[in-house]
Protein chains: 2
Amino acid sequence: MTAPARKETISSRVLADLRSAILRNELPPGAKINLDHLRERFDTSISPLREALARLTADGLVLFEDQRGFRVSPVSAAELDDILEMRAILEVAALCEAVRHGTMDWESNIIRALHRLGRTSPTNDADQWLTSHDAFHNALIAGTPRMMLRRTCAGLIDLSRRYRVLTGLVGDGGDGADVHEGIAMAAVRRDAEEAAQRLASHLAAERTLLTRSFARLSNDR
Amino acid sequence: MTAPARKETISSRVLADLRSAILRNELPPGAKINLDHLRERFDTSISPLREALARLTADGLVLFEDQRGFRVSPVSAAELDDILEMRAILEVAALCEAVRHGTMDWESNIIRALHRLGRTSPTNDADQWLTSHDAFHNALIAGTPRMMLRRTCAGLIDLSRRYRVLTGLVGDGGDGADVHEGIAMAAVRRDAEEAAQRLASHLAAERTLLTRSFARLSNDR
DNA sequence: CAATCCAGAATCATCGATTATGCGCGAAAG
DNA sequence: CTTTCGCGCATAATCGATGATTCTGGATTG
């Protein structure tokens, strides 16, 4: 066994719940986090709550300031651009590595993620679609042996999600034929060049759309 | 004023001390962290200590496992390779951005960091040399407006440090003429191509040296 | 009218004690 | 002789209470 099946700490449970709440923008970007309210909501005491929040700062989802507590990381056009620039660099690099080193498990997980993504309706269940979409991107890069690269990309993909929720940009922007399928096929075919190319342009398209939508959103307020 | 001069929390003080202790390998890689001992050492209670450790997981310097507490992240050839690969990608990209966007402050901080590095003896005060060296690398990329890129690179530079301490690889590996000066001059001259080229080959050299030294170290034990 | 100051309230940070869990070791079983 | 079990100890995790700091809003002053 690889997992000794340890009992989860309260801190870890709260961590997972909080992350999910933030990623779904239930705790909106920039919001002040009131420890007492959350303590009550999670029916626990301050210590595990603070610990969970401290751990969330690792992902960039929460900010901490001495004597002023925690708040949900705000969103900004600058951060959005940073995120997508870094994804463009790292995710493409990771995919190339994955194509070189991926096992059959990697391949099949891509196929599975692609299928699930295809079977999810962006309009019907937005939340589920986002989850499937992010899972697909993670599946693509899962083949690289570089754990650090995987984790960093995963973090960036998480950060992207809030912007999609915020702008309501769920579903590929009517890109026409399924872009994801093209990436997946090239990857499984072990065509690194082609896969990288397609992923890069998919990310570029996402970047244009998200940036534009977010700018519009900011202006409207 | 930009800084309201808030009083530092105990948690933050402990965080800084712990980070420094880990980066100097005073708390060696892989070491189990005993909460009671550290609590006594820092003359505080468990809560701020746990919080500081939780925050340190953000940098990858500390690992946490449910019901088993914290330990210093272990070192490995694989992680070393990951770190240096990501530095090669991100730091070069960041430098290019910095050359494009850097202000005069950025330039002068590079010159200053270079000077300090030159005036520090690797053999005489190894710790100080490492600090100056890392500061120089951070100064190079400080010009990019992308905060996320800066932070990520800074984290990677921190992670590298432990390997240098561990292998005793302090000082440029007798690279001959001062490599750092070459990078700095190209950067200040706003020659992105040349600066990137020089930084890339500096990092490549560091990679070869560190990888070899670390492998030797691992074999000897 | 604007800026400053000062309670009092709200909130954060820390502590010491308590509970829960995992680990090591020796005894018992096979 | 090896494996398994269970007890007791070391340690981690959590709690509720207390001490500090910041924030708020209204009175005061220039």
Side-chain angles (χ1 to χ4, degrees), chain A residues 1-19 21-22 26-74, chain B residues 1-19 21-22 26-74:
Chain A
M1 286 156 277
T2 52
R6 225 166 286 287
K7 188 180 179 196
E8 187 179 42
T9 62
I10 295 183
S11 159
S12 290
R13 173 179 64 85
V14 172
L15 171 69
D17 285 358
L18 274 176
R19 165 180 282 126
I22 292 175
E26 180 193 328
L27 294 177
K32 178 90 184 62
I33 287 179
N34 185 308
L35 292 172
D36 263 338
H37 295 169
L38 280 187
R39 182 193 57 73
E40 192 158 343
R41 163 171 171 178
F42 290 115
D43 192 39
T44 178
S45 68
I46 295 283
S47 318
L49 177 56
R50 288 185 68 93
E51 197 170 314
L53 287 165
R55 285 208 266 161
L56 267 180
T57 62
D59 311 69
L61 292 173
V62 162
L63 298 181
F64 172 77
E65 202 175 351
D66 279 357
Q67 309 289 3
R68 305 220 321 180
F70 301 87
R71 66 197 168 99
V72 182
S73 294
Chain B
M1 286 153 275
T2 54
R6 226 166 285 287
K7 188 180 180 196
E8 187 179 42
T9 61
I10 296 183
S11 161
S12 289
R13 174 178 63 86
V14 172
L15 171 69
D17 286 358
L18 273 177
R19 165 180 283 126
I22 292 175
E26 181 192 327
L27 293 177
K32 180 91 184 60
I33 285 179
N34 185 305
L35 292 172
D36 264 337
H37 296 168
L38 279 188
R39 181 193 57 73
E40 193 158 342
R41 162 170 171 178
F42 290 114
D43 191 38
T44 179
S45 67
I46 295 285
S47 318
L49 177 56
R50 289 185 68 93
E51 197 170 313
L53 287 164
R55 285 207 266 161
L56 268 179
T57 61
D59 312 68
L61 291 173
V62 161
L63 298 181
F64 172 77
E65 201 175 350
D66 277 357
Q67 309 290 2
R68 303 220 323 179
F70 301 87
R71 65 196 168 99
V72 182
S73 294

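All chains are named by letter (A, B, ...) in the order of the sequence lines, taking the proteins before the strands, and each is independently numbered beginning at 1.
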Criterion side-chain contact (heavy atoms from CB on, under 4.5 Å) against F70(A), the qualifying member of L35(A), L18(A), L63(A): L35(A)
For R39(A) and dC12(C), what is the distance between atoms CZ and C1' respectively, to the nearest whole Å? 13 Å
Quick one: label T9(B) by what it contacts on the DNA or RNA (base, sugar-phosphate, nothing), any heavy atom closer than 4.0 Å. sugar-phosphate
In whole angstroms, how far is the C1' atom of dA12(D) from the CG atom of L38(B)? 13 Å
What integer distance in Å separates L35(A):CG from dT14(D):P? 16 Å
If you compare every side-chain N and O of K32(A) against the phosphate oxygens of dC12(C) (OP1, OP2), does one of them come in below 4.0 Å? yes
Taking dA13(C), dT14(D), dA13(D) as options, the one with an atom nearest any side-chain atom of S11(A) is dT14(D)
From CA spacing to verdict: side chain to side chain contact (heavy atoms under 4.5 Å, CB included), S11(A), R50(B): CA-CA 11 Å; S11(A) 159; R50(B) 289 185 68 93; 5.7 Å; no
With a 4.0 Å cut-off on heavy atoms, is L49(A) in touch with a base, just the backbone sugar-phosphate, or nothing at all? nothing
Counting only side-chain N and O atoms of T44(A), is one of them less than 4.0 Å from OP1 or OP2 of dC15(D)? yes
The nucleotide from dC15(C), dA13(D), dA13(C) with an atom nearest the side chain of F64(B) is dA13(D)
Counting only side-chain heavy atoms from C-beta out, which of dT14(C), dT14(D), dT21(D) sits nearest to Q67(A)? dT21(D)
Separation of R71(A) atom CZ from dC12(C) atom P, in whole Å? 13 Å
Could you please name the option among dC15(D), dT14(C), dA13(C) that lies closest to any side-chain atom of I10(B)? dT14(C)
Residue pair D66(A)/F70(B) against DNA chain D: nearer the 5' end by closest nucleotide is F70(B)
Whole-Å gap separating P (dT18(D)) and CD1 (I46(A)): 15 Å
From the candidates dC15(C), dC12(C), dT14(D), the one with an atom nearest any side-chain atom of S45(B) is dC15(C)
Rounded interatomic separation in angstrom, taking CG from D36(B) and P from dC9(D): 17 Å
Atom CG of L53(B) and atom CG of L61(B): how far apart are they, to the nearest 0.5 Å? 11.0 Å
Got I10(B) and L49(B) here, is their nearest side-chain heavy-atom distance under 4.5 Å? no
Nearest whole angstrom, please: distance from the P of dT14(C) to the CG of D43(B). 13 Å
Do any N or O atoms from the side chain of D66(A) and from the backbone of T9(B) form a donor-acceptor pair under 3.5 angstrom? yes
On the nucleotide dA10(D), are OP1 or OP2 found under 4.0 Å from the side-chain N or O atoms that N34(B) carries? no
Checking T44(B) against R13(B): is there a side-chain donor and acceptor pair closer than 3.5 Å? no
OP1 or OP2 of dA12(D) less than 4.0 angstrom from a side-chain nitrogen or oxygen of R50(B), does that happen here? no
Report the distance from atom CZ of F42(A) to atom P of dT14(D), rounded to the nearest whole Å. 14 Å
State which of dC23(D), dA13(D), dA20(D) makes the closest approach to the side chain of R68(A). dC23(D)
